[in-house]
Amino acid sequence: MGNKEISKKQAQERIDFLRSELNRHNYRYYVLNDPEITDFEYDVMMMELASLEKMYPELATQDSPTVRVGSDIEGKAPGAREFRQYRHRWPMLSLGNTYNIGELQDFDRRVREAAGEKFAYNCELKFDGTAICLSYSRGQLVRALTRGDGTVGDDVTDNVRTISSIPSDIGDVPWDFEIRGEIYMPFASFNALNEERADIGDTPFANPRNAAAGSLKTLDPEEVRRRGLECVLYHIIGDNLPFKYHSEALQWAASRHFPISQYSRLCLDMDEVRQYIEEWDTRRKELPFATDGIVIKVDDLALQARLGYTAKSPRWATAYKFKPEQALTKLLSVDYQVGRTGAVTPVANLDPVSLSGTTVRRASLHNADQMEQLDIHIGDYVYVEKGGEIIPKITGVEVSKRPQDAVRPSFPTLCPDCGSPLVKDESEARHYCTNEACPTRVKGAFLHFISRKAMNINAGDATIDQLYDKGYIKELPDLYRLDMEKLLTLDGWKERSAQNFLDSIAASVRVPFSRVLFALGIRHVGETTARTLTARMRSIEAMEKASKEDFLEVEDIGEVIADSLVDYFADSGHRRIIEELRGFGLQFADNSAAAAVSDRLAGCTVVVSGNFSRPRDEMKALITAHGGRNTSSVSGRTTYLLAGEKAGPEKLAKAEKSGVKIISEEEFYSIINS
Ligand code: IVH
């Protein structure tokens, strides 16, 4: 990391950057289940932050990501179901981790110093899933909580009861206890789930961990049952439990039919630990589920108690993480794919190779800059890795294996699909086809329009391809002009399938405005932005009339989105399409209950913090509906700090200092209903 010579000022800047990036990645990982970077990249940033905080202890803070456990609660994913929350009896902590055997020796040295006598480590696989805490009372499963923020977790008991390996009744046990472990999704279930999602136009999960975490928080327990989740348990806690050793507790749990790993091993010294690591770094590739390292735990519970905990993790255990699995294979050719927004992505075709449970044939090269950085040649042997994204990426080139006649692929200057010139967007380093009539863009726009989270029209790629090729659909409103006669000309279509399709198109006119806005496919306007815009501006007319400044007034809308919105609505073609769609009955205004607007909060700026009886997004929507403005930080200009349970202490202190009125949820309701 080479930051030895860094000044305090530079350190502060870098620390601010790393903290905000790590918080953003925590949110993507724990809440959205949609990471952007690999665990390794995350860990490297975390290590850099920790080393800077060590170098300048005065810059360390209590709320730094190095101290806080990542939360799956904070800032709910848009549309996520609210679960009841409960406080953990014992906080659910994380584990220290390293990629480096030397640091593992340091851990061992610290433990040995504290122990003073011989002791053993229990080495276990580190299962790559999502943590779960099961409470048993008199032998009955009474509650299952997610890790949450480590202190408070989501109650997912109903969902957990659908996992058949978790016993709900273990017979007569006189003591109450908690047993913790990991819920994970085996590769087979993961691959099947993703195939199914791709078929119905849902975004596939990036990896089994995200799939497990996302599934556990699904609305419908029956859906959870279908997804094939598994569980492994590795930690028992309680008051006065009758065990002296961790391994003994696990054996007891196995005797009570809890799912306990069969791959753990007691190791008497670091040589044995190292052997275990080496063995599993290879053998894990044959396992039917994902692992990302091994966990080393002091086996003696009295010694564990003596070693205790830091704020974030136990001192009696640590994790050694495996470097992400890589495969070396030959680059056969590069394709250039045009997406629905016109972005052109280079995709590598590879000699098929097996990697973490799947066969990899294609990998992303992201953009022209990335290709240049890797200095990639056709015929090169390249390293592929699975990162946070669905499609694996190329992380390096084995230059020593480069054939003599290998040539660099050249990035096209014209759209591979329609031949229009490509334009490079400097801010994103991507090339775009700007021709709105480009066939791939048009078909992509239809696929986006009909997708589940947009208009939810029942059809797939093949149908859109046929409709387009036959010339039935050129612009979005054409979908509403389809009839039985046209549909019966499609290959393999019968009256029944055609009628289903027509019914599904007819039903789409009831889809609420925010989803219609999302369906239009305005660049940079995703689901969340569409929802925010709808809550704030309420109708498409308001948006058509809005200036860039008006858009910038809406929370979370910055320059890029505002520019894109203004450009979109300035185009008379787009306005005509909207008019035609409106003519078919689509919703272009928000008439929901929250729109029962008043102006009781007119001119008021409100900051919302903490947990409420309803999702925070709804509280914010209420504020907007009553004429108020949401902002994220407290300042002299804030009218109210609306503080729920566990409101941020810093926000409370700031409000008190600046004389901002702090109101409770009840007080808030009495203001808007007065
Ligand atoms: S022990 C107090 N053992 O990895 C420490 N954790 O990165 C309790 N994990 O929070 C954790 N396999 O969710 C433990 N064999 C194992 C594990 C394991 C996976 C997870 C767990 C933990 C995370 C830390």
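The chain is numbered in sequence order, starting from 1. Note that the structure is a prediction, hence the values are computed from the model and not measured. No hydrogens, no waters, no symmetry mates; every other heavy atom, side chains included, goes into these values. Whatever order the structure lists them in is the order used to number ligands and atoms, beginning at 1.
On a distance-only criterion, Leu95 and ligand 1 share no N/O pair closer than 3.5 Å. In terms of polar-atom proximity, defined here as any N/O pair under 3.5 Å, Glu124 does make such a contact with ligand 1. Of the polar atoms of Phe127, at least one N or O is found under 3.5 Å from an N or O of ligand 1, judged by distance alone.
Counting only distance, with no hydrogens or angles, the side chain of Asp299 and the backbone of Ser247 share a donor-acceptor pair below 3.5 Å. Looking only at distances, no side-chain donor or acceptor of Asp292 sits under 3.5 Å from a matching main-chain atom of Lys321.
Heavy-atom separations between Asp128 and ligand 1 are all 4.0 Å or longer.
Under a cutoff of 6.0 Å and an axis angle of 45°, Arg180 and Tyr234 do not form a cation-pi pair. Figure legend: Arg209 and Tyr184 shown without cation-pi pairing, the cationic atom not lying both under 6.0 angstrom from the six-membered ring centre and within 45 degrees of its axis.
Taking only non-hydrogen atoms, the option from Gln304, Lys321, Lys297, Arg147 nearest to atom 1 (S) of ligand 1 is Lys297. Residue Lys126 holds the heavy atom nearest to atom 4 (O) of ligand 1 of all those in Lys126, His235, Glu182.
The protein non-hydrogen atom at the shortest distance from atom 2 (C) of ligand 1 is Pro314 CG, 3.6 Å. Annotation: atom 14 (C) of ligand 1 to nearest protein heavy atom, Tyr234 CE1, 3.3 Å.
Tyr245 and Asn122 are not linked by any side-chain donor-acceptor pair at a separation below 3.5 angstrom, with hydrogens and angles left out of the test.
Note: Phe243 and Trp175 meet the aromatic proximity criterion, with ring centroids under 6.0 Å apart. Taking the centre of each ring, Phe205 and Phe190 stay at or above the 6.0 Å mark.
Against a heavy-atom cut-off of under 4.0 Å, Ala131 is close to the following atoms of ligand 1: 13 (O). Taking a cut-off of under 4.0 Å to the non-hydrogen atoms of Val295, the atoms of ligand 1 that pass are 3 (N), 15 (N), 16 (C), 17 (C). In summary, the atoms of ligand 1 found under 4.0 Å from a heavy atom of Leu125, numbered by their order in the structure, are 12 (N), 15 (N), 16 (C).
Contacts with ligand 1 closer than 4.0 Å are made by no heavy atom of Thr130, backbone or side chain. Only backbone heavy atoms of Leu93 (N, CA, C or O) come within less than 4.0 Å of ligand 1; its side chain stays farther off.
One finds the CD atom of Glu645 at 12.0 Å from the OG atom of Ser609 (value rounded to the nearest 0.5 Å). How far CZ of Phe177 is from CG of Asn240: 15.0 Å, rounded to the nearest 0.5 Å.
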